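Worksheet: the structure to be examined is printed underneath.
Whatever order the structure lists ligands and atoms in, that order sets their numbers, starting from 1. Quick caveat, the model's predicted, so the values are computed rather than measured. Scope of the values below: all heavy atoms of this structure, side chains included, with no hydrogens, waters or symmetry mates.
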Amino acid sequence: MARQLQLTLLFDILEAPEELTEQEQVMLVNAQKAADQAYAPYSGFLVGSAILLDDHTIHTGNNQENAAYPSGLCAERTALFGLSALHPTKKIQAMAVTARRINETSFIGATPCGACRQVMAEYENRQNSPIRVLIQVGPSTFYRCQSVQDLLPLQFSRESLKPIL
Ligand code: THU
């Protein structure tokens, strides 16, 4: 039988907003406010992301859609690219993601797509310190992990390009 690689991914499951730390609650509210301002006329799915920096400031992003569908961008990448463009050296402590449908008020949440996980991994590796991730997965349910590694194991990264660069 082939040898096997077993991976352990660790997530806290929080079952009420009160179970989040105060800082996480602030991040969550900021992510929800960002979702409210998303431009998502085609999917009607409003996603918001909030990034907590080392200096305790918060930077947000939301999904931006386009009539030419692939030209749009997810909330997580809008937030990260915007932050990196404005403040390339600021360190990220944590990131929160939430979502709701355009015609509903309650946040149902969503987990980051694969492309966003790849981008999140890039910035975690760039700053060489873990980014905690808080994901709303239901109206009052949240997953929390301590690193993007838990969302994207077996990463393709700068390391993979080393023999070339
Ligand atoms: N979306 C995000 O903003 N983040 C994700 O991680 C998943 C999907 C957006 C993209 C599109 O505007 C809408 O949600 C429906 O896919």
Checklist entry - Around atom CD1 of Ile13, are there more than 12 heavy atoms of other residues, nucleotides or ligands at under 6.0 Å? => result no
Item to check | Pairing residues for Glu104 by the side chain to side chain contact (heavy atoms under 4.5 Å, CB included) criterion, not counting sequence neighbours | outcome: Arg101
Item to check | Set of residues satisfying side chain to side chain contact (heavy atoms under 4.5 Å, CB included) with respect to Ala68, sequence neighbours excluded | outcome: Asn66, Ser71
Item to check | Donor-acceptor pair between Asn30 and Gln32 side chains, under 3.5 angstrom | outcome: no
Checklist entry - How would you list, by chain and number, the residues with a heavy atom under 4.0 angstrom from ligand 1? => result Ser43, Phe45, Val47, Asn63, Glu65, Cys74, Ala75, Glu76, Thr111, Pro112, Cys113
Checklist entry - Do you know which two heavy atoms are closest between Asp150 and Leu10, and how far apart they sit? => result OD1-N, 3.5 Å
Checklist entry - Who passes side chain to side chain contact (heavy atoms under 4.5 Å, CB included) against Ala110, sequence neighbours left out? => result Phe45, Ala99
